[in-house]
Peer 1: 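Below you'll find the structure I mean.
Within every chain, numbering begins at 1; the chains are lettered A, B, ... in the order of the sequence lines, protein sequences first and strands thereafter. Keep in mind that the numbers below use all heavy atoms, side chains included, and drop hydrogens, waters and symmetry copies.
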Amino acid sequence: MYGWQGKVLRVDLSKGLIKRENIPETYQSYLGGRGLATKIFSEEVDPSINPLSEENKIVLATGPLTGTGASSGCICSIVTKSPLTNTITCGQAKMYFGAEIKAAGYDLIIIEGKSNSPVMLSIQDENIELLPADYLWGETTLNTENAIRLAISDPWKARETRILSIGPAGERAEPISTIITDGLPVKNGVGIGAIFGIKGLKAIAIRGTRDIDLAYGKGFIEAVSSSIDTLKESETSKEFSDFGTYLLLEPLVKIGALGYENFSRATPETVFSLSAKVFKKEIWKRNRGCFSCPIACLKQTKLGFFPEIDEFISLGPLCDIINPQVTLDAYRICIEYGLDAVEIGATMACAMQLQEYLTFGKTQAFLETIKASGRGEEIAGILNKGALYLARHFKSEDIFLGVKGRSIPPFDPRIIQGIGLQYATSNFGATHLTGFTLIEELKDPSSIKGKAKLVRDYQDRTAILESMGICPYAQFFLPLTIFIEMLNQATGLDFKEEKILKMGEDIYHIERLFNTNAGIKNEDGLPPKMLRQPVNGMISKLDKMLKEYYELRGLGGEE
Amino acid sequence: MYRIKIDHNKCTGCRHCEVACSLNRLATAVNPKRARIRVIQEGDRFFPVISGPFTDASCNIKVDIKFGNHVYDQCDLCRAVCPHKSMLFKEPDDEKPIQCDFCGIDAPGPSCVRWCTSGALTLIEVPSYY
Ligand code: SF4
Ligand code: SF4
Ligand code: SF4
């Protein structure tokens, strides 16, 4: 088999059994990654289960291009049912973890059951073990990574071992917990940490030394080289390498689209002091690239990674914190304890608006509270279930700004119309990550013309890239055709663009059907505030876009 | 005379050079563990190291080098294929040493340089060895 390794690892934590299976026959119809994982998950897991029950599973899936050296081919998708949204969800592990799974000789890892005591899954090519992890339980993710590496007797093997772990928040199965690999949170990982935690799986450590065979090596080299040339020639790609997602910062501030003080006020002048150029000069030490990524959009600081823009705004202006150093400290705490930065930021912003425990702009209390909720002190009981729970707890549901139980990212859907449609129709609750239309929408944020199609296209393209194993950010600079070419050269198969896009659409529908069967119906919406309460005279015109969108998707309106 | 210039200030740790080298060498397979260049992480820095000659014994003196505020073990930055460094620059199955052969300096240049977009690896021409 070319591109794929053809092997699936099935780990039953209840019985302590590990089985090696062949990749399911359907692999060519769903490629791998998010697509294949979604297919397998929806077939094996009853949608109506409680996400925290033993029946829930976790499917970690690389794509046929993960680890092959295809540009930005670093992605390992992680599919499970989320306790935050009760929907199916899919996180993207970046950095080196996915490539290492492939190098160990596997495409997918399926985790099922539940262990009675903490365990860690250790994979060294064919040597697979479930090891006791009591000594890691309670440790932060960074300490966990260090302790696992220290326990490996050969320091060079320890360096090459890649680790995915949960922090204390995940151990307590809190709905806003996430997972961390190489000091970087799994993107879109909110809720997944809890499933690891309830299953007693503290970490996965993996090192592989196997080849990944490619069908046409020469053709593959040419395809990757041509993508590299395209990137080298593109000015925006260079800017994205330099500034990462902060490319959006100034434009978003200018049009007033940043959520400030829980979207309760228009952005004040003070926010203009935040500048990516200043960050670059004063805080960022270097660009960091995930495995085989020529874009390298991540930013290294003295204290680990700098948050991406969504995380930065959530732990910053959304809570009226206009101090990048404080935000960086808060982000660091989130990583250590395994908290999702966007959801905890949104939850604290709600608390601040209600004047419960916290006040907008008070940095000391802000940092102490994040730490307390990471540690699991009393306040965690209220904050770590997410903003919806908090709002209900204080009988002020209108303060919660989210969809399907998940807070909207800090980009205002009243100012940027298409992103609102994306929040409403995402199968994982409000997120921009499965349909990152923001960059393209900067041209005409307030228009709704063609936005339904734009959102649909981004959703399908993202789904398909994540199924191939490619970082979705790559689509801003490289056409899908270039990745299809890499896919064909790597696998020796002949995929056509039309068929590939159809797969993206299929994935969306499988996810949606899973949600419907989980009882999630008529929830494609936006918080009433976004539809009725104008900011700068604008509201979201969701209804019109939604109608057009349903037509495009062939959905007969609401079921 | 061509040389590969490594600027570790620019290295992003993406390891595309490892992939490129292994693909060039194995023709129809990828395996960074079999590459003749490996990217070594030390703290928040990355050092691309290109494999040098094989040695059957490790040095009996250990050396620390200070760059800026950080002290590095020279073994981490050294190019020798040496028993001290376990599997580094050795075939994973039979432990045969792997040595850089400065592949194809004609266009498009050494594979590792070709796929390094950050500018950390560049091919430079110098009159001769000094
Ligand atoms: S674009 Fe950024 S996030 Fe995506 S793979 Fe590259 S470095 Fe990682
Ligand atoms: S390709 Fe360049 S930037 Fe990437 S790891 Fe290698 S030397 Fe560093
Ligand atoms: S010059 Fe060629 S053989 Fe040497 S490290 Fe670079 S790619 Fe590998």
Side-chain angles (χ1 to χ4, degrees), chain A residues 2-3 67-74 95-96 99-100 102-103 125 154-160 182-183 207-218 220-221 224-225 228-229 231-232 237-238 241 285-298 300-305 490, chain B residues 7-35 38-46 68-70 73 75-76 82-93 95 104 107-109 111 113-120:
Chain A
Y2 301 111
T68 58
S71 300
S72 313
C74 65
M95 295 319 289
Y96 313 111
E100 213 60 35
K102 280 292 273 288
D125 295 331
D154 181 331
W156 290 90
K157 285 187 183 158
R159 277 170 189 261
E160 288 178 348
D182 270 304
R207 175 176 176 268
T209 63
R210 298 280 174 263
D211 292 358
I212 304 171
D213 292 325
L214 304 179
Y216 308 116
K218 221 168 151 247
F220 184 76
I221 292 180
V224 176
S225 298
I228 286 177
D229 294 341
L231 289 172
K232 275 187 180 159
S237 145
K238 257 184 242 143
S241 299
K285 292 191 71 183
R286 71 189 74 250
N287 298 347
R288 286 286 306 270
C290 302
F291 186 84
S292 77
C293 181
I295 300 169
C297 75
L298 301 173
Q300 175 86 44
T301 73
K302 250 193 262 164
L303 277 180
F305 286 104
Chain B
D7 182 347
H8 61 73
N9 285 320
K10 289 189 180 153
C11 180
T12 67
C14 75
R15 300 170 60 204
H16 222 172
C17 49
E18 295 182 2
V19 184
C21 179
S22 75
L23 186 53
N24 175 284
R25 196 180 149 225
L26 307 171
T28 54
V30 171
N31 187 348
K33 309 283 185 313
R34 298 175 69 189
R38 295 301 304 276
V39 181
I40 312 290
Q41 181 168 13
E42 268 301 317
D44 58 15
R45 267 182 193 282
F46 293 90
N69 293 324
H70 199 96
D73 179 346
C75 293
D76 294 352
C82 147
H84 176 66
K85 285 189 286 192
S86 154
M87 299 302 292
L88 201 74
F89 301 131
K90 282 168 216 142
E91 289 287 358
D93 45 2
E95 304 201 12
S111 310
V113 175
R114 176 81 173 88
W115 281 12
C116 178
T117 19
S118 73

Peer 1: State, yes or no, whether a side-chain contact exists between A:Phe305 and A:Met95 at a heavy-atom distance under 4.5 Å.
Peer 2: yes
Peer 1: Taking A:Asp213, A:Thr209, A:Asp211 one by one, which has the highest count of heavy-atom pairs under 4.5 Å against chain B?
Peer 2: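 The residue among A:Asp213, A:Thr209, A:Asp211 with the greatest pair count is A:Asp211.
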Peer 1: Find the one option among A:Arg210, A:Lys102, A:Lys157 whose heavy-atom pairs under 4.5 Å with chain B are most numerous.
Peer 2: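 Ranked by heavy-atom pairs under 4.5 Å with chain B, first place is A:Arg210.
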Peer 1: Check salt bridge (Lys or Arg N to Asp or Glu O under 4.0 Å) between A:Lys218 and all other residues, then give those that pass, not counting sequence neighbours.
Peer 2: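 For A:Lys218 there are no salt bridge (Lys or Arg N to Asp or Glu O under 4.0 Å) partners, ignoring immediate neighbours.
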Peer 1: Would you say A:Arg286's side chain and B:Asp44's backbone share a donor-acceptor pair under 3.5 angstrom?
Peer 2: yes
Peer 1: So does B:Cys75 get a backbone contact from the side chain of B:Asp73, meaning a donor-acceptor N/O pair under 3.5 Å?
Peer 2: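 A pair under 3.5 Å: yes.
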Peer 1: Do any N or O atoms from the side chain of B:His16 and from the backbone of A:Gly69 form a donor-acceptor pair under 3.5 angstrom?
Peer 2: yes
Peer 1: Where does B:Val19 contact chain A at under 4.5 Å (heavy atoms): side chain, backbone, both or neither?
Peer 2: side chain
Peer 1: Which one of B:Ser118, B:Cys116, B:Ala29 has the most heavy-atom pairs closer than 4.5 Å to chain A?
Peer 2: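 Heavy-atom pair counts peak at B:Ala29.
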Peer 1: Answer yes or no: does atom NZ of B:Lys10 have more than 12 heavy-atom neighbours from other residues, nucleotides or ligands under 6.0 Å?
Peer 2: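 Check fails, neighbour count at 12 or below.
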Peer 1: How would you list, by chain and number, every residue that makes a ring-ring contact (aromatic ring centres under 6.0 Å, His included) with B:His84, sequence neighbours excluded?
Peer 2: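 Scan of B:His84 (ring-ring contact (aromatic ring centres under 6.0 Å, His included), adjacent residues dropped) gives none.
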Peer 1: If we only count heavy atoms from C-beta on, is the A:Gln300 to B:Arg45 side-chain gap below 4.5 Å?
Peer 2: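 Contact flag for A:Gln300/B:Arg45 side chains = no.
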Peer 1: Which atoms of A:Asp125 come close to chain B, meaning under 4.5 Å heavy atom to heavy atom: side chain ones, backbone ones, both, or neither?
Peer 2: neither
Peer 1: Give, as side chain, backbone, both or neither, the part of B:Cys17 having an atom under 4.5 angstrom from any heavy atom of chain A.
Peer 2: neither
Peer 1: Which bit of A:Asp154 comes within less than 4.5 Å of chain B, counting heavy atoms only: side chain, backbone, both or neither?
Peer 2: side chain
Peer 1: Would you check if the side chain of B:Arg34 reaches a backbone N or O of B:Pro92 as a donor-acceptor pair within less than 3.5 Å?
Peer 2: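 No, B:Arg34 side chain to B:Pro92 backbone: no donor-acceptor pair under 3.5 Å.
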Peer 1: With a 4.5 angstrom heavy-atom cut-off, is it the side chain or the backbone of B:Glu18 that approaches chain A, or both, or neither?
Peer 2: neither
Peer 1: With a 4.5 angstrom heavy-atom cut-off, could you sort out which part of B:Asp93 is near chain A: side chain, backbone, both or neither?
Peer 2: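 Contact with chain A involves no heavy atom of B:Asp93 at all.
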Peer 1: Looking at chain B, which one of A:Ile221, A:Ile295, A:Leu231 has the largest number of heavy-atom pairs inside 4.5 Å, strictly under?
Peer 2: A:Ile221
Peer 1: Counting only non-hydrogen atoms closer than 4.5 Å, does A:Thr301 touch chain B with its backbone (N, CA, C, O), its side chain (CB onward), both, or neither?
Peer 2: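 Contact with chain B involves the backbone of A:Thr301 alone.
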Peer 1: Against chain B, label A:Arg288 side chain, backbone, both or neither, depending on which of its atoms sit under 4.5 Å from a heavy atom there.
Peer 2: both
Peer 1: I'd like to verify something: which residue of A:Ala296, A:Gly208, A:Ala215, A:Gly67 has the highest number of heavy-atom pairs under 4.5 Å with chain B?
Peer 2: A:Gly208
Peer 1: Relative to chain B, which of A:Gly217, A:Ser292, A:Gly304 shows the most heavy atom pairs under 4.5 Å?
Peer 2: A:Ser292
